[in-house]
Q: 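Before anything else, here's the structure in question.
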There are 2 protein chains.
Amino acid sequence: MARTQGSHSEITGPRIRSAALALFAKHGFAAVSMRQIAGEVGVQAGALYNYIPDKQALLFSLMKGHMDDLLAACEERPALNTPQDRLRDFVDFHIAFHLDRPEAVFISYMELRNLSPENFAQIEALRRTYENRLEAILEQGRAQGVFEVADTKIATLAVIAMLTGVTTWYRQAGRLSVTQVQAVYWDMVRKAVAA
Amino acid sequence: MARTQGSHSEITGPRIRSAALALFAKHGFAAVSMRQIAGEVGVQAGALYNYIPDKQALLFSLMKGHMDDLLAACEERPALNTPQDRLRDFVDFHIAFHLDRPEAVFISYMELRNLSPENFAQIEALRRTYENRLEAILEQGRAQGVFEVADTKIATLAVIAMLTGVTTWYRQAGRLSVTQVQAVYWDMVRKAVAA
DNA sequence: AGCGTAACTGAACGCGCGTTCATATCCAAG
DNA sequence: CTTGGATATGAACGCGCGTTCAGTTACGCT
């Protein structure tokens, strides 16, 4: 047997990425075999190599894609004026975006050490870019005297860590909607950096 | 060759745990082989099985040990009265304890999915116990009207996520001492839950 | 001095890994 | 209807995995 009925590059490619995303998130990159991914897609392991050069590139592609999505979505937010409005928007955006793709988030935080040094550097740079957006907001607020933080850089990382933590406990069937979660976190962030 | 000079159970046992801790933290449980661990200790792979039943038990033992240490150290803190004092003490303790053993922290957060279901349940329960200590503090403060949080459970997880995040960026040679870091985080936590 | 056992070696077990490749089939274009 | 490239198979490659175990050595004890 060889090529099967109804097979198309446009279908199999995304399916590989989707299956890999789910499996990597669940079991970890190192614990997932190419045969498992192929099995999920419904092809043999060898077929994967029509779409990706190797396993490492697959991981990098998923993480790079996630970070690109993150930054692109971030760019599209409305341009607000006051630091308070900008911070509130950042909180809302970060929570909504991350709750929307928990698997990609999980991978992007957990599998950094499985990236080759060059790939790691690239992802790290993108993450830094994202962090800088929040840092700029906090810095602006501090300059205007509406925020008061002992250390802007640490505050940036602290806020992001706090917000990202939402993915570890949030369940869609839980008692809180995304909007409610955003409100609860905004309340804490607002106060934490308040003057 | 067989038993080597100066070999002792009391020495090799801890050395295995120590080597496994470092390697698991650096490369991930699934990516580290028993032969790597043995190599680090200076023995053959087979010798490891005089000390541990299998690889899974080694991981569990490390994580269980870490959680036990955490809870034991937590118990030993002075009994303070006001919620503010208790919260400040919790922040200081959490940061100091976690910065003191970054590898164990890393493993305990990252390798949960590599635990067998029964082992996972045990670690999860210990983590819950720890979280409950903070939640009790926040709840007491809320009852007394000195804290004001929209949702105590979420606030608990948010604070812990924020504090634990310190391990991702703190470097011993960095510009801030542990004491300074504690102060910066305390400032944010205090305000975040303030009435 | 010699014995028993704790501590370790080194080889072996079956297995699954990531990756490659010759081969086969399907589909679209001429 | 033919043909050529895209798409997949399935077998194979060498290798390292976790684990077991018979055998060997060093040490503590009498």
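All heavy atoms count here, side chains included; hydrogens, waters and symmetry mates do not.
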Q: How many whole angstroms separate atom OH of Tyr49(A) from atom P of dA8(D)?
A: 15 Å
Q: Any side-chain heavy atom of Phe106(B) within less than 4.5 Å of one from Thr167(B)?
A: no
Q: Is a donor-acceptor pair below 3.5 Å formed from side chain Arg35(A) to base dG18(C), judging by atom type as modelled?
A: yes
Q: For the pair made of CG in Asn50(A) and P in dA6(D), what is the distance, rounded to whole Å?
A: 10 Å
Q: How close or far is atom C1' of dG18(D) from atom CG of Asp54(B), stated in whole angstroms?
A: 9 Å
Q: Do His98(A) and Tyr170(A) get their side chains close enough for a donor-acceptor pair, meaning under 3.5 Å?
A: no
Q: Indicate, with a heavy-atom threshold strictly under 4.0 Å, whether Val41(B) touches base, sugar-phosphate, or nothing.
A: nothing
Q: Does dA7(C) have its OP1 or OP2 closer than 4.0 Å to a side-chain nitrogen or oxygen of Thr12(B)?
A: no
Q: State, with a plain yes or no, whether a side-chain heavy atom of Thr129(A) is found less than 4.5 Å away from one of Met67(A).
A: no
Q: Using whole Å, what does the distance between atom P of nucleotide dA7(C) and atom CD1 of Ile16(B) come to?
A: 11 Å
Q: Taking for each residue the nucleotide of DNA chain C with the nearest heavy atom, is it Ser33(A) or Gly46(A) whose nucleotide lies nearer the 5' end?
A: Ser33(A)
Q: Does any non-hydrogen side-chain atom of Asp92(B) lie less than 4.5 Å from one of Arg88(B)?
A: yes
Q: Tell me the interatomic distance from Met34(B), atom CE, to dC13(C), atom P, rounded to whole angstroms.
A: 21 Å
Q: Between dC17(D) atom P and Gln44(B) atom CD, what is the distance in whole Å?
A: 13 Å
Q: What is the distance, rounded to the nearest whole Å, between atom CD1 of Ile52(B) and atom C1' of dT19(D)?
A: 10 Å
Q: Starting at CG of Leu59(B) and ending at P of dG18(D), how long is that distance when rounded to a whole Å?
A: 13 Å
Q: Do the side-chain N and O atoms of Glu135(A) and Thr152(A) include a donor-acceptor pair separated by under 3.5 angstrom?
A: no
Q: Let me spell it out: for each of Leu48(A) and Ala45(B), pick the nucleotide of DNA chain D with the closest heavy atom. Which residue's pick is nearer the 5' end?
A: Leu48(A)
Q: Between dT9(C), dC17(D), dA7(C), which nucleotide gets closest to the side-chain atoms of Tyr51(B)?
A: dA7(C)
